[in-house]
Amino acid sequence: MKVARVLITAEEIQAKLAEMGAEITRDYEGRDLLMIGILKGAFVVLADLARHVQLPVETDFMAVSSYHGGTHSSGVVRILKDLDSEIEGRDVLIVEDIIDTGHTLKYLLRTLAVRKPATLSLAALLIKDDVERPHFDIQYEGFHIPNEFVIGYGLDYEEKYRNLPYIGVMDADSTTSSTDVQEGFRLAD
Ligand code: IMP
Ligand code: MG
């Protein structure tokens, strides 16, 4: 089995996103909000969070890679796909699935700030505790989680499990084998 235990259920995720969406709706009333999802992981959270925002938002995506398939960050960040939109003068909200070492974010904030958005804020569904990283102001925070490798709700292990509807902790013993995949999905019932 790949999932050792469920950390955050699908229901808990949706309740939290509803709260975050309500705050975003209040804060961006009358402004020109562009929500930027950081691919691939944030495609799920952006889709759900945006539907909790009661404003005519625009969405865009940027793809970066910081992990190279495994469970440890390499510190090297590359742009794989840039934004379609110009962000100068706009109210930009970066939407991240998870903040771990902060390498990705540090790079993104620096790269996007150069393009002179009117405002640049951050929403993250998950923040790993007990990780040394630079300080970031995170305007919209989801859950603080222990420093364990998690999968589901956009997060992958070797590109799989992004479609799990909940956040699960991966079974350490199963990183070398890929047996019993179905078992992890059945936990969602
Ligand atoms: P950071 O640059 O170390 O903060 O990592 C950011 C990216 O690494 C996230 O957007 C994820 O794609 C990936 N990542 C970090 N922690 C995990 C995890 O526990 N499971 C799966 N992916 C992770
Ligand atoms: Mg990944």
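Atoms within a ligand are numbered from 1 in the order they appear, just like the ligands themselves. What you see below is based on every heavy atom in this structure, not just the backbone, and it leaves out hydrogens, waters and symmetry mates.
- Compare Tyr161, Phe149, Tyr107 by their heavy atoms: the one nearest to atom 21 (C) of ligand 1 is in Phe149.
- Short contacts between ligand 1 and Asp156, defined as distances under 4.0 Å to a heavy atom of the residue, involve ligand atoms 21 (C).
- For the side chain to side chain contact (heavy atoms under 4.5 Å, CB included) criterion with Ile98, the lone passing option out of Ile167, Leu155, Leu125, Ile127 is Leu155.
- Where the criterion is an N or O separation shorter than 3.5 Å, residue side chain and backbone included, Leu105 fails it with respect to ligand 1.
- Remark: ligand 1 atoms within the under-4.0 Å shell around heavy atoms of Glu148 are 19 (O).
- The residue among Ile38, Thr104, Val131 with a heavy atom at the shortest distance from atom 5 (O) of ligand 1 is Thr104.
- Using a 3.5 Å distance cut-off with no hydrogens or angles, the side chains of Asp48 and Tyr153 do pair a donor with an acceptor.
- Within the 4.0 Å heavy-atom criterion, the part of Leu155 lying near ligand 1 is the side chain and not the backbone.
- Using a 4.0 Å cut-off between heavy atoms, Glu96 contacts ligand 1 through its side chain alone, with no backbone atom that close.
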Exercise for the section: Check step by step if side chain to side chain contact (heavy atoms under 4.5 Å, CB included) holds for Lys40 and Glu159. Expected result: CA-CA 9 Å; Lys40 296 178 188 172; Glu159 293 303 324; 2.9 Å; yes
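- For the atom pair CZ of Phe43 and CD1 of Ile38, the computed distance is 14.5 Å after rounding to the nearest 0.5 Å.
- Interface atoms of ligand 1 facing Lys128, defined by a heavy-atom separation under 4.0 Å, are 16 (N), 17 (C), 18 (C), 19 (O).
- The closest approach between Asp97 and ligand 1 falls below 4.0 Å for a heavy atom of the residue.
- Within the structure, ligand 1 has Gly102 among the residues with a heavy atom less than 4.0 angstrom away.
- Side chains of Ile36 and Leu93 form no contact here, defined as non-hydrogen atoms less than 4.5 Å apart.
- No salt bridge links Lys128 with Glu148; every basic N to acidic carboxylate O contact stays at or beyond 4.0 Å.
- Under the 30°/60° scheme for interplanar angles, the aromatic rings of Tyr28 and Tyr140 are found to be tilted.
- For a threshold of 3.5 Å applied to N or O pairs, the pair formed by Val150 and ligand 1 contains at least one separation below that value.
- By the 4.5 Å heavy-atom criterion applied to side chains, Gln14 and His52 are counted as neighbours.
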